[in-house]
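In what follows, a structure is listed as C-alpha cells, so that the remarks can point back to it.
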Protein chains: 2
Amino acid sequence: MANEARPTLAAVAARAGVSSSTASLAFSGSGPVSAETKQRVLAAAAELDYAGPDPRARSLRRGRSGIIGVVIEDRLRDAFRDPIIIAMLDGLADEVGAIGASLLLITQGEETDGAVESAPVDAVVLFGCSTRVTVSVDVLRRRGIPVVAIEAERLDGVVAIDLDNRPASRLLASKLAELGHRAVAVVTLPLEATHRRGLVSLEHESAATGWVATERLAGVREVFPEAIVWSSAGSFIEEGVLAGRALLEHDAPTAIIAQSDLLAAGVIRAATELGIRVPDDLSVVGFDGVEVDGIELTTIRQPAVDRGRAAGRAVLDLLAGGSPADVGFHGEFVEGSTVGRARVWVH
Amino acid sequence: MANEARPTLAAVAARAGVSSSTASLAFSGSGPVSAETKQRVLAAAAELDYAGPDPRARSLRRGRSGIIGVVIEDRLRDAFRDPIIIAMLDGLADEVGAIGASLLLITQGEETDGAVESAPVDAVVLFGCSTRVTVSVDVLRRRGIPVVAIEAERLDGVVAIDLDNRPASRLLASKLAELGHRAVAVVTLPLEATHRRGLVSLEHESAATGWVATERLAGVREVFPEAIVWSSAGSFIEEGVLAGRALLEHDAPTAIIAQSDLLAAGVIRAATELGIRVPDDLSVVGFDGVEVDGIELTTIRQPAVDRGRAAGRAVLDLLAGGSPADVGFHGEFVEGSTVGRARVWVH
DNA sequence: ACCCTGGGTCGAATCGATTCGATCGAATCG
DNA sequence: CGATTCGATCGAATCGATTCGACCCAGGGT
C-alpha cells in the first residue's frame, strides 16, 4: 500500500498535464478531445491505477444514477417464487437496459421502511404494492422521481400498467357457471399485508388491502356472490395445497378458482392427495398463464413480459420529460383440461 | 409549479434560521441538536416540501451508497427461473438488509458491459459468474470495492462462498455405480458463456468456462470417465426435457445425472413422454434440493439460503474493514425415489 | 471564585466529478 | 486577405449534503 488515498480524476489530469475538465472529457467522450491528449490521459490513468470516474460523484453532478428502484412488498423469496413476477421484471430490465440502467430491489417491509426514500434512484416501479406505500410515493413525488406501478392500486401521479383483472376473473367464473357449477370456492392471493392464511369473512374481505386479489375476487363475486373465500399467504404451490386441503374437507365445492397458476397447481395436488379427480370431481382454474407441474390448466394468460416492458417504456418516457398515459393489458382465456361439468356430490 | 428548483437542505436551514450543518444534524440525528431546533428544521422542511437529504449527495459525501451489486451472467428471466438462485439472493438480501442496504441487479452481458464499473455500489456479489468478469473485478479492486463470489471460480482478492460441488457429484455418481449403472449420461448447466445446447465433445469440455458445471462434471468423471455429456442452455425444466429426449433416443443410458433439479425434472418428463419408467428403466439424479413437480428426487441438497447469508455476512465484514475467509458449504445427499438398480436394456 | 466539561451551533472545507463560458490558434469561406 | 467558425483546452462554478474544528455558554467539581 504505497499511496494512501485512491487517485481522483484531478490527479490523473495533473499527471497527464491537462486540466481536469479535459480529463473528464477524455473519459466521458462528450466533447472534442484530440486523440493524442486522450491517449495521454488514459496512460496517466493506467499508471495511477485509476479505475474511471467515481459513480457516486458522477451521479450527484449529473443528477442521474442510472438506477431504477423496484419496490416489492414481500420477501424476495416469496415474490420471486412466482414466475409471473420474474417475467415482468425481465421485461422491465430489458427495456430500461437500453439506457444502461439497472434495477435496485427494494423490499418494503415493516422494518426496512425508509429504504425507498434513501436510495439514489432515478425512477421507481411499484410491483404489486398495497396502499401502504402511499407515504413513500409522496416522498418520491416531492423529489420529482417518476413512479410507475404494476399491479397496484391507482395512485395520483403514478403511471399504472394495468390488467383487466376483474373482467378476466369474471369470465373464468362465468365459464364455470355455464358448466353448472354453483358451489365454488376462491383461493386468493394475500388479501392483507399481514399475509394471514385462512378463510375470509365478508368483513375481512372489505378491509382487504391487496389490490390485485381484491380486483380478481370482485370479478368472481359478480358471478358467484356467495363463493367461499380462502386467502393464501403467498403465491406458491404449497399455499395452494394448504388451501385445497382446507376447502375440500370443508364444503365439497365443485370448482375452485385460484388467483394464480401456482395456487391452482397446489389445489390440484391437494385434490389428488385426497383422491379427488380433476376435472371429473373438481374443476380448477388459475390465473397468469405460466406452466406449472406440466399441467394443462384452464386459466387466464397475461402478457407479463410485455407488461414489464410497458413499465420500462413508461419509465424511459418519464425520465425524458414525457407524461405517458396508463397502459391497460388484456388477459386472454386459455382452455385447459382442468375444467369439466359440475359433478353432483352424493352426500 | 410555483418554485422552479427543488428545495435543498441549505434552503431549509435558511428558513429555519439555522446553519446547514445544524439542519443536517437534525435530519441524520448524528450529533447533538436541541429538541426545539429540530422541530423548527422539520417544520421548515414541511413548509418547503423538502423530502429529506438527497441520496446522491449523501452517498458522495459519505462514500457509501447503501447498495450492494449483484452480478448475474444470464438474463434475469433465465437466472431467476431456478429457485436455488432466488434462495441465495434471499439470504443475501436478508443479511445486508441489517445495514439498510439493497441489492442492485446487474446483468453482465455482451452489450451491457460497463454496468458494474459505473454503478455506485459499496460491494459486489458475483453469482455464478465465469472468468469473463475478471476484467470488471479488476476495476472493482482498484476502486477498493469488496467482491464476494457465490458459485464462481476462485479469483484473487475475492471472498468465495463455496460448495463441495465435486465430491458431492462424485457421491451421486458412485451411488449409481454401486447400483450397477455403467451407461451414464450427464446433463450439465451451461458449460460456456454462449449457452450452446447439445452434446459436448472432450475438447469443448476442456474449454468450458462455466465453473460450477465444470466442477460437478469433474466429480462425475472420477467415477464415470466415459460418461456422455449434454450441455443445457440453462437451468430450466424445458432444457431438461430437450436433453432427456436427445439422450434417451441417442444411447439408451441407464442413468442420467442432471446438474440441477430443474434439469432432472425435465429429463423425467422426457422419459415419461417416451414411455420410459423412472426409476425402473431409468435412474435420474439432480442437484440442489429444491422441490419440482412434486417429484421425490434423489439429489444433493445445498443450503442455498445459508450460502446467501454467508455471502451477506462476508460483505458486511468487508465493509467494516475486516478480511473474512472463504466459506465452504456441504451438499447433503438426499435419497429420493428416482434411482434404482441398473436395468439391462434389451436391444 | 475558577477551571473544566460538554451540549449546541456555526463556518468552512470536502467528497469527485461535470459543465458552462471563455480563450486561443488554425482552418475555412467569401 | 480579413472575418468567421470550429476544434481543443482551461478555469471556475456547481451538484447537495456531511463533517471537522472552533466557539460560546451554562452547569458541575474543587
Side-chain angles (χ1 to χ4, degrees), chain A residues 3-41 44-45 48-66 117-122 142-145, chain B residues 3-41 44-45 48-66 117-122 142-145:
Chain A
N3 295 15
E4 188 60 60
R6 230 161 283 291
T8 69
L9 181 61
V12 172
R15 183 171 184 107
V18 299
S19 73
S20 59
S21 10
T22 304
S24 172
L25 260 23
F27 275 103
S28 70
S30 55
V33 181
S34 76
E36 189 220 352
T37 307
K38 186 166 179 179
Q39 277 309 325
R40 208 136 39 82
V41 172
L48 292 177
D49 225 32
Y50 178 71
D54 183 325
R56 280 181 280 253
R58 187 214 290 277
S59 70
L60 169 58
R61 181 62 237 233
R62 291 235 248 236
R64 284 280 167 86
S65 62
E117 286 95 343
S118 63
V121 293
D122 292 343
R142 294 202 322 242
R143 283 228 182 87
I145 295 178
Chain B
N3 295 13
E4 188 61 57
R6 231 160 281 292
T8 70
L9 181 61
V12 172
R15 184 173 185 106
V18 299
S19 73
S20 59
S21 10
T22 303
S24 172
L25 294 179
F27 276 102
S28 70
S30 55
V33 181
S34 76
E36 190 219 351
T37 307
K38 187 167 180 177
Q39 278 309 325
R40 210 137 37 85
V41 172
L48 291 178
D49 226 32
Y50 178 70
D54 182 325
R56 280 182 281 253
R58 186 213 289 278
S59 69
L60 169 58
R61 181 64 237 232
R62 292 234 249 233
R64 284 282 166 86
S65 61
E117 286 96 341
S118 63
V121 292
D122 292 342
R142 289 192 339 233
R143 283 228 184 88
I145 295 177

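To find a chain, count down the sequence lines: A is the first, B the second, and so on, and within it residues start at 1. The figures here come from the full heavy-atom set of this structure, side chains too, leaving out hydrogens, waters and symmetry mates. As the structure is a computational prediction, the values presented were derived from the model and not from experiment.
Salt-bridge formation is not detected for the pair A:D54/A:R61: no Lys NZ or Arg NE/NH1/NH2 atom is positioned less than 4.0 Å from an Asp or Glu carboxylate oxygen.
B:V18 and B:T37 get closest at one heavy-atom pair: CG1-CG2, 3.8 Å. A:P120 and A:S65 get closest at one heavy-atom pair: O-OG, 2.5 Å. The two residues A:R64 and B:R56 come nearest to each other via the heavy atoms CA-NH1, 4.0 Å. Closest approach of B:V33 to B:A26, counting heavy atoms only: CG2-N, 4.0 Å. Nearest heavy-atom pair across B:T8 and B:Y50 is C-CE1, 3.6 Å. Considering every non-hydrogen atom in both B:R143 and A:P53, the closest pair reads NH2-O, 3.3 Å.
Using a 4.0 Å cutoff on non-hydrogen atoms, no part of residues 31-40 of chain B comes near DNA chain D. Near-neighbour residues of DNA chain D inside residues 53-60 of chain A, defined by a heavy atom below 4.0 Å, number-ordered: A:L60.
Put simply, the side chain of B:R6 never gets that close to the backbone of B:A51: no donor and acceptor are under 3.5 Å apart.
Atom OG of B:S19 sits about 8.0 Å away from atom CG of B:L25, to the nearest 0.5 Å. The CZ atom of A:F27 sits 9.5 Å away from the NZ atom of A:K38 when rounded to the nearest 0.5 Å.
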Kindly express the pairing pattern of DNA chain C in dot-bracket notation, using | wherever a base pairs with another strand and counting only Watson-Crick or G-U pairs under 3.5 Å.
||||||||||||||||||||||||||||||
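For B:S24, the side chain to side chain contact (heavy atoms under 4.5 Å, CB included) test picks out B:L9, with sequence neighbours left out.
The residue B:T8 sits close only to the backbone: its heavy atoms come under 4.0 Å of sugar-phosphate atoms, none of a base.
Nucleotides of DNA chain C lying under 4.0 Å from heavy atoms of chain A occupy a range whose first and last members, 5' to 3', are C:dG16 to C:dT19.
Sorted by first and then second residue, the pairs that involve residues 12-22 of chain B and meet salt bridge (charged side-chain N to carboxylate O under 4.0 Å, His left out), not counting sequence neighbours, are B:R15-B:E47.
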